[in-house]
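Naming: A, B, ... by sequence-line order, numbering from 1 per chain.
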2 protein chains.
Amino acid sequence: MTEKQEVADAGWRDYGEPQLPAPLAAALAAFAEQGYHGTSVRDIAARANLSVPGLYHHYPSKQSLLQGLLEMTMTDLLARSERAVAAAGNAPVERFGAVVECLLRFHMYRREQAFIGSTEIRSLDDSYRAAYIAHRDRQQRMVDEIIEAGMAEGDFTTAYPKDAGRAVTTMCVSVSTWYKPSGPLDADELVKRYLQIARDAVGYRGA
Amino acid sequence: MTEKQEVADAGWRDYGEPQLPAPLAAALAAFAEQGYHGTSVRDIAARANLSVPGLYHHYPSKQSLLQGLLEMTMTDLLARSERAVAAAGNAPVERFGAVVECLLRFHMYRREQAFIGSTEIRSLDDSYRAAYIAHRDRQQRMVDEIIEAGMAEGDFTTAYPKDAGRAVTTMCVSVSTWYKPSGPLDADELVKRYLQIARDAVGYRGA
């Protein structure tokens with residue numbers, strides 16, 4: 001790996017604990033346990049060791065906590081995906097591997113955020129819901145464009161590139177519903193296996 | 001199709017409105033909108049046009065409504081899957097096609113139930129949670145055993161049959177998160193495309 005690649009590569013595979021502001025971390029834990037509608041601002045303040053007015057000082061409503069949380073989640077996923085794809089170079093097969101691996105790792109290490117992202121779209125105010133869906137569409141478009149480039153190069157041969165792109169994204173996203181970091185399946189091994197399955201799903205006819 | 005096949009086949013592809021008892025239909029609508037913890041028994045009684053004591057007469061708790069709903073959902077999915085596979089005959093490729101099509105149709109036509117099934121496992125009492133997970137495991141085992149049989153016959157060639165089985169199931173389940181029956185993609189066309197992608201994902205090397 002050259003020095004330049006290392007810089008571009010920096011960090012998209014690194015996951016420690018999520019670096020969320022205390023109110024958002026508290027909101028995440030509460031929403032994951034009880035759902036948005038089952039959670040009160042008082043619950044969140046108590047979990048964050050803040051008074052209700054202290055919490056409102058930073059986040060004026062429960063809705064702003066949900067939006068703040070989902071915005072940070074999607075921004076993180078998109079930024080990691082873009083870094084992963086940029087570091088992979090120009091070959092569609094490599095770019096595909098990068099975006100799939102990035103989706104997989106994110107959904108292994110950010111399971112709670114992913115869960116809120118897929119379950120509480122119903123609870124978003126209309127104004128922000130459109131912005132959130134635009135983020136998700138951007139992520140899907142990244143996958144779709146790489147598959148299209150791979151079709152153009154003759155690397156991928158599926159008859160249904162757009163459907164395969166959605167199928168691949170959803171199978172990566174679904175990892176968040178069953179993967180346990182403490183379980184028997186090592187993260188790198190999961191990436192290796194799912195990457196093969198994802199390549200098969202787009203009809204990869206390479207080496 | 002012979003008469004015998006028609007009998008075995010009966011109904012697994014047929015979906016009208018879900019035939020739920022009024023309290024469960026009301027619980028489904030409320031949970032889908034507000035989540036289990038955000039819903040009160042009073043909400044459900046009002047939606048079902050019942051008094052709270054009237055509702056309790058049939059379902060003694062909010063938990064029993066959730067359990068009743070998920071039990072009917074999984075029983076329906078399992079029964080349809082078994083009928084679909086039985087009607088498909090002995091060839092693993094046909095059986096695989098049947099179970100994939102059944103998963104797809106269920107998750108197109110029973111989106112709300114599927115949503116509650118994947119989001120409110122957290123809200124189940126421990127005793128029933130184990131039974132529910134056993135149902136899901138049984139569904140996954142059906143897929144896994146068909147893939148194993150197809151590997152043994154040389155129809156499927158994936159290096160990772162068990163992981164491919166999970167990937168295929170989750171990509172079918174995820175259809176519930178985005179499919180719109182009123183949208184541009186016809187149900188039969190979706191089945192055709194996803195079936196091809198699912199075959200590719202297990203390394204089908206057939207005609």
Side-chain angles (χ1 to χ4, degrees), chain A residues 30-40 43 104 107 112 115-123 133 136-137 140 156-179 185 189-205, chain B residues 30-40 43 104 107 112 115-123 133 136-137 140 156-179 185 189-205:
Chain A
F31 296 158
E33 239 177 81
Q34 309 169 313
Y36 179 79
H37 290 289
T39 297
S40 69
D43 292 338
L104 288 169
H107 289 89
E112 284 195 325
F115 180 77
I116 305 305
S118 58
T119 57
E120 298 295 359
I121 299 176
R122 63 182 168 186
S123 306
I133 289 172
R136 301 218 315 184
D137 289 349
Q140 186 60 53
F156 304 148
T157 64
T158 176
Y160 306 112
K162 219 167 148 53
D163 304 278
R166 177 127 59 177
V168 164
T169 300
T170 58
M171 84 186 204
C172 294
V173 167
S174 294
V175 164
S176 66
T177 65
W178 61 267
Y179 184 74
L185 188 55
E189 180 64 23
L190 183 145
V191 167
K192 185 181 125 190
R193 295 184 193 178
Y194 262 63
L195 190 48
Q196 181 59 52
I197 295 163
R199 283 178 178 146
D200 289 339
V202 295
Y204 174 55
R205 296 286 181 264
Chain B
F31 296 159
E33 239 178 80
Q34 307 169 314
Y36 179 79
H37 290 287
T39 298
S40 68
D43 291 338
L104 288 169
H107 289 88
E112 283 193 328
F115 180 76
I116 304 306
S118 59
T119 56
E120 297 296 359
I121 298 176
R122 62 181 169 188
S123 306
I133 290 173
R136 302 219 313 184
D137 289 349
Q140 185 60 54
F156 303 148
T157 64
T158 176
Y160 306 112
K162 217 164 151 54
D163 304 277
R166 178 126 60 175
V168 165
T169 300
T170 56
M171 82 186 206
C172 294
V173 167
S174 294
V175 164
S176 66
T177 65
W178 61 266
Y179 184 75
L185 188 55
E189 179 66 21
L190 182 144
V191 167
K192 182 180 127 192
R193 294 184 192 179
Y194 261 63
L195 190 48
Q196 181 60 53
I197 295 164
R199 285 179 177 146
D200 288 339
V202 296
Y204 174 54
R205 295 286 180 265

Handout entry: chain A contacts, top residue of His37(B), Arg166(B), Met171(B) (heavy-atom pairs, under 4.5 Å)
Key =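 The candidate making the most pairs under 4.5 Å is Arg166(B).
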
Exercise for the section: Count the heavy-atom pairs under 4.5 Å between each of Ser123(B), Gly35(B), Ala167(B) and chain A, then report the option with the highest count. Expected result: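 Among the listed options, the one with the most contacts to chain A is Ala167(B).
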
At a heavy-atom separation under 4.5 Å, does [X] approach chain B through its side chain, its backbone, both, or neither?
{"X": "Gln196(A)", "answer": "side chain"}
{"X": "Arg122(A)", "answer": "side chain"}
{"X": "Ser118(A)", "answer": "backbone"}
{"X": "Ile121(A)", "answer": "neither"}
{"X": "Arg199(A)", "answer": "neither"}
{"X": "Tyr36(A)", "answer": "neither"}
{"X": "Ala159(A)", "answer": "neither"}

Would you compute the distance between atom [atom1] of [X] and atom [atom2] of [Y] and round it to the nearest 0.5 angstrom?
{"X": "Arg193(B)", "Y": "Lys162(A)", "atom1": "CZ", "atom2": "NZ", "result": "10.5 Å"}
{"X": "Asp200(A)", "Y": "Tyr204(B)", "atom1": "CG", "atom2": "OH", "result": "15.0 Å"}
{"X": "Trp178(B)", "Y": "Arg136(A)", "atom1": "CH2", "atom2": "CZ", "result": "12.5 Å"}

Handout entry: Check: Thr119(A)/Thr119(B) side-chain N/O donor and acceptor closer than 3.5 Å
Key =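 Per modelled atom types, Thr119(A) and Thr119(B) side chains form no pair under 3.5 Å.
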
Handout entry: Atom of Asp163(A), atom of Tyr194(B) and distance for their closest heavy-atom approach
Key =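 Heavy atoms of Asp163(A) and Tyr194(B) come nearest at O-OH, 4.0 Å.
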
Practice task
Heavy atoms only: give me the nearest Ala164(B)-Ile197(A) pair and the separation to one decimal.
Solution key: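 Shortest heavy-atom separation between Ala164(B) and Ile197(A) comes out as N-CD1, 3.4 Å.
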
Practice task
Check whether Leu185(B) gets within reach of chain A through its side chain, its backbone, both or neither, counting any heavy atom under 4.5 Å.
Solution key: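 The answer is the side chain of Leu185(B).
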
